[in-house]
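Here is the structure we will look at, set down as structure tokens.
Proteins get letters first, then strands, A, B, ... in listed order; numbering begins at 1 in each.
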Amino acid sequence: MSDAAAVQQHQFDDLEQQHEAAWIGMWIFIATEVMFFGGMFTGYIFYRSAYAQGFAGASNRLDVWLGAINTAVLIGSSFTMALAVHGAETNKRKLLVNGLLLTILLGSVFLGIKFFEYHHKFEEHLVPGSSFRFEGPLARPAEIFFSFYFAMTGMHALHMVIGIGMLSVLVFQARRGRYSAAYFTPVEITGLYWHFVDIVWIFLFPLLYLVGRHL
Amino acid sequence: MNGERREHYLNVNYGVRSWLLTTDHKRIAWLYLVSITFFFFVGGFFATMIRLELLTPQGDLVQSETYNKLFTMHGVTMVFFFLIPAIPAVLGNFLIPMMIGARDLAFPRLNLASWYIFIVGGLFTLAASAAGGVDTGWTFYTPYSSIYSNTHVALTVVGIFVTGFSSILTGLNFIVTIHKMRAPGLTWFRLPLFVWSHYATSVIFILGTPVLAITLVLVGLERIFGLGIFDPARGGDPVLFQHLFWFYSHPAVYIMILPAMGVVSELIAGFSRKRIFGYTFVAFASLAIAVIGFLVWGHHMFVSGQSVHAGLVFSLLSFLVAIPSAIKVFNWTATLYKGSISYDAPMLYGLGFIGVFTIGGLTGLFLATLGFDVHVHDTYFVVAHFHYIMVGGSVMAYLGGIHYWWPKMTGRIYPEIWARLAALIVFLGFNLTFFPQFVLGYLGMPRRYHIYPPEFQVLNVMSSAGASILAVGYVLPLVYLIWSLRYGAVAGKNPWGARGLEWETGSPPPTNNFDTTPRVTAGAYAYEKEPGEVYSFGKTAHV
Ligand code: HEM
Ligand SMILES: [Cu+2]
């Protein structure tokens, strides 16, 4: 059992105040993230409406199935994350640790598949820059599409990597019994972050892979 | 007293480590103060070079390429490394926890991390200057910045990107702290206006900065990997960059001015011994400025080829944003009316602020008028406008605030005569520097050129002369403030006889700000009451 005095920081009057501060802090951080991704979404939507055909053609070159599998993997990881938080809440340390480990595993599967997709795009010369090849008159819009594809999924992947790092620290601390029903704020707010990153993907997937496709 | 040494935040421990690893918001404020002062003088150096070059109509001091780098490095350093962090990171950090009766910010380690992030960003940018500089202007317009410029754009952009996180984290820390850590009895409408203005500023930090961050990332990616997002030759759109950039950077100009307005509210109330007239209006005006500020970015793009309708809408919205600014000016004036005013140095800065801010704001209305803007866009008129607001307004308020809270920060009093003299020199030097630029711009002198027709020389010489007077005004405080650290008279806990929680604790304050938890029973600026009727200090000791 962790004891309250050990985890309470000096600037707070009690653990409840500390908990609420951390909670609001994470929500505000998520608001900044919304604006961060919002900038890219705005740009993407702007060009999508300017170059509808080119974007549709380019998005046909993405592998819907890999995208769909990844969506499922991420939703699964949100679930295991929720289990981990539940484990902390109910003092089940094993559930907490295993939930965290599973989340890390699923996150890594996602990144693995993403890496595989990137590699494939590289081989197909679909990475923007001097080696970019795209047949037909819509090459330029297609290059912009792929610019956004890499910028957006790359930023998303970076967030996953950071999330996995945070989860790993949590596993380490959870094993040492730092978290219990009395104190699990870090688990909870890391969970919030993880769910947010999942939700970003839930928007990215249809926007990049599905909209305007001729199946 | 009586010979016994009082422990406070400056003497609890000594040594470089105790400073570089501190999580005390007051010490972190000092870390910022020192680093920001450094950047101010770096930026000032570039400004000096610019004004020297413009003494004569020919380009006899530097080549045009060098000149482009000079005004870019000047703008980048001043905007991102001085003006944006100055008041929030120094005075905000120092004062917000104390003004609300808290022991520290909600996340002290994050606060220290913010400073390190700031420094890392600053080092990138300094490295870019040392390696040869950037020539895009502080606005980084594409596709010049993303494709054509042969200077160190990527390095600079990385520096600004990194520094952005420092702003975001500071804003986050302030908002959580103001929400969660107010002392018992300190309701929202009892808060000092300084706190309100920082709350509004933090909202901009949080919602605006990430958009700039992602925009700069895209510029960087375009440069490094050759993406075509902003390059018209590849189907990209440079105007998209301008939209994203100004979506942040217009609100960013309010980041520079809102905290200044907060400082001025404190100064005006403190030195006229009155409650700020229309307190709630002033508080809400800060929020209104923050919100409306997000809707007017298009007034920077009247001549970018955006549609006339968009131009009209942005013009109209820009007029709206002037209303809350005007509310503040009127309320400060009303506060002064029949106040018992004392003209100490901080107050001189406060009054100077009201004067120059009014001129800067009014010329903003000129610029927001579509037709007039087409005439003076990218001329010295614009340069004069934003310098009136940012140098006249923000820097003056910053100096006023530093003087006002100097006794609190250091426990020492600065020499008043010198301080008043410096304030006057700053005011005179400032107006002599920038007023001629309105005329120059109106007559048609474009900004960002290092040569100009000979008929503009007289006004340019006036401006350069003013700049050297201004420089004296800036160096003087540096000298006597440092002098006062050693030789200044010892300040009591409340040398101005002001109201405000920060004046109820020792000068300098103890590490935890208050020895016992304060309890607040009245609103800010309760000058009609004695301190004991406004604040009481409970039994529960901290530590
Ligand atoms: C209150 C604080 C203000 C600050 C700190 C500020 C700052 C600035 C800055 C930095 C620029 C130049 C940007 C550049 O480098 O091109 C600028 C331009 C401009 N400002 Fe302000 N401003 C303020 C208030 C206003 C107000 C109240 C209005 C309108 C009601 C306004 C309207 C404009 C317009 C239209 C321009 C663009 C002029 C042009 O480039 O043609 N400003 N301002
Ligand atoms: Cu603006």
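Other residues, nucleotides and ligands contribute over 12 non-hydrogen atoms within 6.0 Å of the CD atom of A/E124. Under a cut-off of 6.0 angstrom, the local environment of CG in B/N150 is sparse, with at most 12 non-hydrogen atoms contributed by other residues, nucleotides or ligands. The neighbour count for A/E123 CD, taken as heavy atoms of other residues, nucleotides or ligands under 6.0 Å away, is above 12. Residue A/H10 places its NE2 atom among more than 12 non-hydrogen atoms of other residues, nucleotides or ligands, all under 6.0 Å distant. Heavy atoms of other residues, nucleotides or ligands lying less than 6.0 angstrom from OH of B/Y116 number more than 12. Counting heavy-atom neighbours within 6.0 Å of B/R519 CZ, excluding the residue itself, gives a total of 12 or less. Counting heavy-atom neighbours within 6.0 Å of A/W27 CH2, excluding the residue itself, gives a total of 12 or less.
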Can A/Y47 and B/L240 be said to form a side-chain contact (heavy atoms from CB on, under 4.5 Å), step by step?
-> CA-CA 10 Å; A/Y47 285 120; B/L240 177 66; 3.5 Å; yes

Kindly indicate, with the supporting measurements, whether the criterion side-chain contact (heavy atoms from CB on, under 4.5 Å) is fulfilled by A/Q9 and B/R103.
-> CA-CA 11 Å; A/Q9 290 155 338; B/R103 269 155 279 179; over 6 Å; no

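Minimum heavy-atom separation, B/G228 to A/S147: N-OG, 3.6 Å. Taking both residues in full, the closest heavy atoms of B/L172 and A/G25 are given as CD1-O, 3.6 Å, listed atom of the first, atom of the second, then distance. The shortest non-hydrogen separation linking A/M35 to B/I206 is CG-O, 4.4 Å. Nearest heavy-atom pair across B/A213 and A/F36 is CB-CE1, 4.0 Å. Across all non-hydrogen atoms, the minimal contact from B/I214 to A/M40 is CG1-CG, 3.3 Å. Between A/A151 and B/L221, the shortest heavy-atom distance links the atoms CB-CD1, 4.1 Å.
B/H25 places none of its side-chain heavy atoms less than 4.5 Å from the side chain of A/Q11. Looking at heavy atoms from C-beta onward, B/V217 lies in side-chain contact with A/M155 at the 4.5 angstrom threshold.
The contact between A/F46 and chain B is made entirely by side chain atoms (from C-beta outward), counting heavy-atom distances below 4.5 Å. Heavy-atom distances place the side chain of B/L218, and not its backbone, under 4.5 Å from chain A. Contact annotation for B/L207: both backbone and side-chain heavy atoms come within less than 4.5 Å of a heavy atom of chain A. Neither the backbone nor the side chain of A/F37 comes within contact range of chain B; no heavy atom of the residue lies under 4.5 Å from a heavy atom of that chain. Heavy-atom distances place the side chain of B/F247, and not its backbone, under 4.5 Å from chain A. Heavy atoms of B/P108 lying under 4.5 Å from chain A belong to its backbone as well as its side chain. Looking at B/I229, the atoms closer than 4.5 Å to chain A (heavy atoms on both sides) sit in the backbone and in the side chain alike. Looking at B/N173, neither its backbone nor its side chain comes within 4.5 Å of chain A, counting heavy atoms on both sides.
Of the listed residues A/G43, A/A21, A/P128, A/G39, the one with more heavy-atom pairs under 4.5 angstrom with chain B than any other is A/A21. By number of non-hydrogen pairs under 4.5 angstrom with chain B, the leading residue of A/V127, A/V34, A/I144, A/T42 is A/I144. If you tally non-hydrogen atom pairs under 4.5 Å between each of B/D237, B/D104, B/V211 and chain A, the highest count goes to B/D237.
Between atom CG of residue A/D13 and atom OG1 of residue B/T517 there is a gap of 6.5 Å, rounded to the nearest 0.5 Å. Summarising the geometry, atom CE belonging to B/M181 is positioned 12.0 Å from atom CD belonging to A/E20; distances are rounded to the nearest 0.5 Å. One distance of note links CZ of A/F29 with CG of B/L110; it measures 9.5 Å at 0.5 Å rounding. Atoms CD and NZ, on A/Q17 and B/K180 in that order, are 7.5 Å from each other to the nearest 0.5 Å. For the atom pair CG of B/L227 and CZ of A/F132, the computed distance is 10.5 Å after rounding to the nearest 0.5 Å. Separation of atoms OG1 (A/T32) and CZ (B/F165) is listed at 7.5 Å; rounding is to 0.5 Å.
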